[in-house]
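FYI, side chains are in, hydrogens and waters are out, and symmetry mates aren't considered; it's all heavy atoms of this structure.
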Amino acid sequence: HEIVGIVTEVGNKVTKFKVGDKVGVGCLVGACHSCDNCNKSLENYCPKMIFTYGGLYYDETMTYGGYSDSMVANEHYAVRIPDNLPLDASGLENVAVKFAKAFGAKVTVISTSPAKKKEATKHLGADSFLVSRDQEQMQKSNDRKYASYLEIDAASGLSILLSSKGKSSTQFYFGAGS
């Protein structure tokens, strides 16, 4: 549900963003902005909050979050992303890899795209990299620990975090979305 993108249009009352800005949106895209909770900056308790995914906009259209080609969000729920920060589908996975490495974990990045290998291993420090669409490569890993990833990824196409099964040192496996 957390999404990054480029602003393509702004309303006439928008002051924080302009067309072309990189932005991120969390789990909410709107609320009533008039109830006690909203007045206390507790929009997540607003009875009329609008979730990024699975919510209803003011006009009763459904929100589809990251599955959308475009979305509408109140500027209050968006944050600017610096121009020098790469805008890619695996932003959260990048942070997860860095956290896991900081905790001393052995990290394998699993992606549908071979183009992500250099970024994963050289820039983020992953210990290894697998292309999930390469069945031969996945089988060469000779380990059942990726089976859950493959089942979930095939069903939903989402990025998945798995932990190891009973190993003495913790291992994290991150599926990078595209």
Greater than 12 external heavy atoms within 6.0 Å of Lys16's NZ: yes

For Asp127, salt bridge (charged side-chain N to carboxylate O under 4.0 Å, His left out) partners two or more places apart: Lys101

Heavy-atom donor-acceptor pair, Thr61 side chain to Tyr57 backbone, under 3.5 Å: no

Heavy-atom check, side chain of Ile50 versus side chain of Tyr58, under 4.5 Å: yes

Side-chain heavy-atom pair Arg80, Lys22 within 4.5 angstrom cut-off: no

Audit row: Tyr77, His33, ring-ring contact (aromatic ring centres under 6.0 Å, His included) steps and yes/no: CA-CA 12 Å; Tyr77 304 99; His33 301 283; 5.7 Å; yes

Transitive ILVMFWY side-chain link Tyr45 to Leu28, under 4.5 Å: no

Same apolar cluster: Val23 and Val19, side chain cutoff 4.5 Å: no

CZ (Phe17) with more than 12 external heavy atoms under 6.0 Å: yes

Expected output: side-chain Thr63 to main-chain Gly54 donor-acceptor under 3.5 Å: yes

Ile3 to Gly65 - nearest heavy-atom pair and separation: CD1-C, 3.2 Å

Distance in Å, Arg133 CZ paired with Gln135 CD, rounded so as to fall on 0.5 Å steps: 11.0 Å

Nearest heavy-atom neighbours spanning Glu75 and Thr15: OE1-N, 3.1 Å

Backbone N/O of Lys18 and side chain of Asp21: donor-acceptor pair under 3.5 Å: yes

Short side-chain to backbone donor-acceptor contact, Tyr53 and Tyr67, under 3.5 Å: no

Nearest atoms (heavy-atom pairs only) where Val25 meets Met71: CG1-CE, 4.2 Å

side-chain contact (heavy atoms from CB on, under 4.5 Å) assessment of Leu42 paired with Asn44: CA-CA 5 Å; Leu42 297 171; Asn44 54 316; 4.3 Å; yes

Contact check, side chains of Ser113 and Lys116, non-hydrogen atoms, under 4.5 Å: yes

For the student: nearest non-hydrogen atoms of Thr52 and Val29, plus distance: OG1-CG1, 3.6 Å

SG-CG distance between Cys35 and Asn39, expressed to the nearest 0.5 angstrom: 7.0 Å

CG-SG distance between Asn37 and Cys32, expressed to the nearest 0.5 angstrom: 8.5 Å

Stepwise side chain to side chain donor-acceptor pair (under 3.5 Å) check, His76 with Glu43: CA-CA 10 Å; His76 180 71; Glu43 292 88 348; 2.9 Å; yes

Gap between atom SG of Cys46 and atom NZ of Lys40 - 0.5 Å precision: 13.0 Å

Thr108 side chain vs Phe129 backbone, donor-acceptor pair below 3.5 Å: no

Exercise: identify the closest heavy-atom pair between Pro114 and Val131: CA-CG2, 3.9 Å

Atom CG of Asp59 with >12 non-hydrogen neighbours under 6.0 angstrom: yes

